[in-house]
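Below is one structure, written out as structure tokens; comments come after it.
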There are 2 protein chains.
Amino acid sequence: MGNGDEVQNKQVIFRDYYVSGLPKESDLILNAATIELKVPEGSKAVLLKNLYLSCDPSMRVRMKKLPDSASYLPSFRPGSPLYGFGVAKVLDSGHPDFKEGDLVCGLIGWEEYTIIQDSKRVGMLTKIQFTDVPLSYYIGILGIPGLTAYVGFYEICAPKKGEYVFVSAASGAIGQLVGQFAKLMGCYVVGSAGSNEKVDLLKNKLGFDEAFNYKEEKNLAAALKRYFLEGIDIYFDNVGGKMLDAVLTNMRLHGRIAVCGMISQYHNLDEPEGVHNLMSLIVKRFRMEGFVVSDYFHLFPKFLELMRQHIKEGKMVYVEDISKGLENAPAALVGLFHGRNIGKQVVLVSEE
Amino acid sequence: MGNGDEVQNKQVIFRDYYVSGLPKESDLILNAATIELKVPEGSKAVLLKNLYLSCDPSMRVRMKKLPDSASYLPSFRPGSPLYGFGVAKVLDSGHPDFKEGDLVCGLIGWEEYTIIQDSKRVGMLTKIQFTDVPLSYYIGILGIPGLTAYVGFYEICAPKKGEYVFVSAASGAIGQLVGQFAKLMGCYVVGSAGSNEKVDLLKNKLGFDEAFNYKEEKNLAAALKRYFLEGIDIYFDNVGGKMLDAVLTNMRLHGRIAVCGMISQYHNLDEPEGVHNLMSLIVKRFRMEGFVVSDYFHLFPKFLELMRQHIKEGKMVYVEDISKGLENAPAALVGLFHGRNIGKQVVLVSEE
Ligand SMILES: NC(=O)c1ccc[n+]([C@@H]2O[C@H](COP(=O)([O-])OP(=O)(O)OC[C@H]3O[C@@H](n4cnc5c(N)ncnc54)[C@H](OP(=O)(O)O)[C@@H]3O)[C@@H](O)[C@H]2O)c1
Ligand SMILES: NC(=O)c1ccc[n+]([C@@H]2O[C@H](COP(=O)([O-])OP(=O)(O)OC[C@H]3O[C@@H](n4cnc5c(N)ncnc54)[C@H](OP(=O)(O)O)[C@@H]3O)[C@@H](O)[C@H]2O)c1
């Protein structure tokens, strides 16, 4: 490898900005480029063979042209490959920190091979040290979704033993971990998800005390009331919109809402749905707090150690939904917005 | 006094529950009852001559029949006098803690004389110790509005020197104090109010850095942008609704919103306006927190000492709007919802 051969490099190209609506497969183009498997002579670039890609709801937000201040993530560039978190293997490197054969995770392109020239971006790659877990875990339970669940639950929700916890998109990449953290903490935890199969998973594999299919509920507030007779102490919000509104009227005195994501609104950021029940904030004196995982990267080492321990001891499990082949990546991404993924949505680009 | 004479006792009676709409004078009835100026033999009751009544926006909320859990304040009883905070003088007392001539503040009826029999309610009266300030201050700067501003600003907003602060209903009972606290803290503070006269007051008497008349602004978000080029660190929310929505898009990284009140919604609690821009909570990672002053009554002694000091040193001023005569109380209360009050709305029932 790193032998300078010119090979085909399949890519998933972002077509163009658009404003409203759910992402469609046709917003993405499969392209067959070529690439020379060698970093430029004398450069500090790194050439990667991509193994796993992460499908993230926030990628929808980045398909819209946004002023920099409007989001915490930059917009994609039309005509260029999508990019996001992934796991890759170093094929060639001019950078002193990386050598051929290293496994890394970090921001990579939606393509078979990525060459990273910008030294700042090379610096953002992390070397994978432990290979006693599936490599895909580094974009799931041991990656951004894991750290997001960890920070949102422990830092933002400040949970106490015995509290009543609700999680939306509960079987997803982040939600399934929040539920498990809540159980480890001695909380009562209920999750919502969009199919009966997911509800089963939550109750029978992921240890949630209860779960319900929100698509089968006419009245979300009444559904929540059924599971939380005394109200909700902690809501971990992945979806926003109507579910958030229903939660607001079911909050308990001095509760906390960690505002992690609002996937129900990403397709219509210019005219998001109205949330009506904010008066509850006063009546029940609770707190809503938004957070972004990148503010907490300093906690990563501590987080990684804890999670590896939990996995080793069988205290936590992780459900992944692995889509095979880069050509299936557009469908995998689009599927998030229809709840097609069961667990963390990953694209396998290549076996190691 | 306390001589057992039967005298006339004018009252403001609450007519009946209603669901939507602004309160009207016709929702209240002036009634001429009579009362014997003596507590029942052997009872622990207290007989009060009422001096000042406080007009509070939350009284609108209490004109609706609400389940106990839906508000932190009980609903009024149709056919009975309104009640709320006030200042009164003890005419007769069977209770060991109070004697004729004592000045008290606490929950009293909207009437000339109130007899309090329930020992729990007698226990909630506070004896006024210092009379070197106007007595009406005990339902304003030294009472609930004062403590609410103090708690909301210092405890919930956790302000730091140099931060950018915005206050709505800024010339009102609470808002004018929040602005002054912000200046004492070394913050930049802007207030919104509903008339140019109030804007003048804010800038020229109350020390706000800037102020604007929100009724003259077509686009509230753009107005805020004008005064907060770098965004808002702290929003003290007295009004909710559209102003809150405009603030959300103008918040600064890691800001805080103290949710004190939502007067723009009190007339329509069954169908409150939607708030659309909650995604900002994530993008700007800020916090919204509701609070109720009664959770902080333990801070009252510390608060009172600080405020008396500030008043004595001329560091804080207080603007009151005093309506004379119980017969004018309904108009005074209704006026809050049209912004007729300039400063804290008080009803003078009787000079001492
Ligand atoms: N704050 C941060 O730093 C941060 C970091 C990463 C991710 N996030 C956010 O966290 C949330 C969860 O992300 P994830 O990676 O764990 O995704 P995920 O839950 O694995 O996948 C998305 C899930 O959302 C649900 N969904 C889709 N459309 C919906 C709608 N209109 N209403 C309700 N639910 C809908 C679907 O499940 P159902 O079958 O249950 O509908 C879908 O499976 C997202 O909002 C994401 O943007 C935040
Ligand atoms: N959380 C607590 O413990 C607590 C305790 C006490 C009071 N509060 C709340 O604090 C807030 C302020 O109370 P306050 O006693 O200081 O009242 P205030 O500000 O003295 O009087 C109410 C003012 O609200 C403004 N207003 C009326 N209708 C409005 C609308 N539709 N939209 C925008 N503004 C409107 C008017 O001023 P403009 O001319 O500026 O429009 C009016 O003068 C209220 O929401 C109240 O319920 C909360």
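In what follows, chains carry the letters A, B, and so on, assigned in the order in which the sequence lines appear, proteins first and then strands, with residues in each chain numbered from 1.
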Between Pro272(B) and His276(A), what is the shortest heavy-atom contact and its length?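 So the minimum-distance heavy-atom pair works out to O-ND1, 2.7 Å.
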Could you tell me which non-hydrogen atom of Tyr266(A) sits nearest to which non-hydrogen atom of Met279(B), and how far apart they are?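 Shortest heavy-atom separation between Tyr266(A) and Met279(B) comes out as CE2-SD, 3.8 Å.
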Partners passing side-chain contact (heavy atoms from CB on, under 4.5 Å) against Arg77(B) (at least two apart in sequence or in another chain):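 Only Ser80(B) meet the side-chain contact (heavy atoms from CB on, under 4.5 Å) criterion with Arg77(B).
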For Glu271(B), check side-chain contact (heavy atoms from CB on, under 4.5 Å) against everything at least two apart and list the hits.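 Only Asn268(B) meet the side-chain contact (heavy atoms from CB on, under 4.5 Å) criterion with Glu271(B).
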Can you tell me which residue pairs pass the side chain to side chain donor-acceptor pair (under 3.5 Å) test with a partner in residues 148-163 of chain A, sequence neighbours excluded?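 For residues 148-163 of chain A: Glu163(A)-Arg256(A).
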Spacing of [X] atom [atom1] and [Y] atom [atom2] [to the nearest 0.5 Å]:
X: Leu278(B); Y: Ile257(A); atom1: CG; atom2: CD1; answer: 9.5 Å
X: Arg287(A); Y: Phe291(B); atom1: CZ; atom2: CZ; answer: 15.5 Å
X: Gln265(A); Y: Asn277(B); atom1: CD; atom2: CG; answer: 11.0 Å
X: Met262(B); Y: Ser280(A); atom1: CE; atom2: OG; answer: 9.0 Å

Out of Ile156(A), Val259(A), Val275(A), return the one with the most heavy atom pairs under 4.5 angstrom to chain B.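 Counting heavy-atom pairs under 4.5 Å, the top option is Val275(A).
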Heavy-atom side-chain contact between Glu289(B) and Leu281(A) under 4.5 Å: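 No, their side chains stay 4.5 Å or more apart.
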Output the residues of residues 240-254 of chain A for which the shortest heavy-atom distance to chain B is under 4.5 Å, in residue-number order; output 'none' if no such residue exists.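 Counting heavy atoms that sit under 4.5 Å from chain B, the residues of residues 240-254 of chain A involved are Leu244(A), His254(A).
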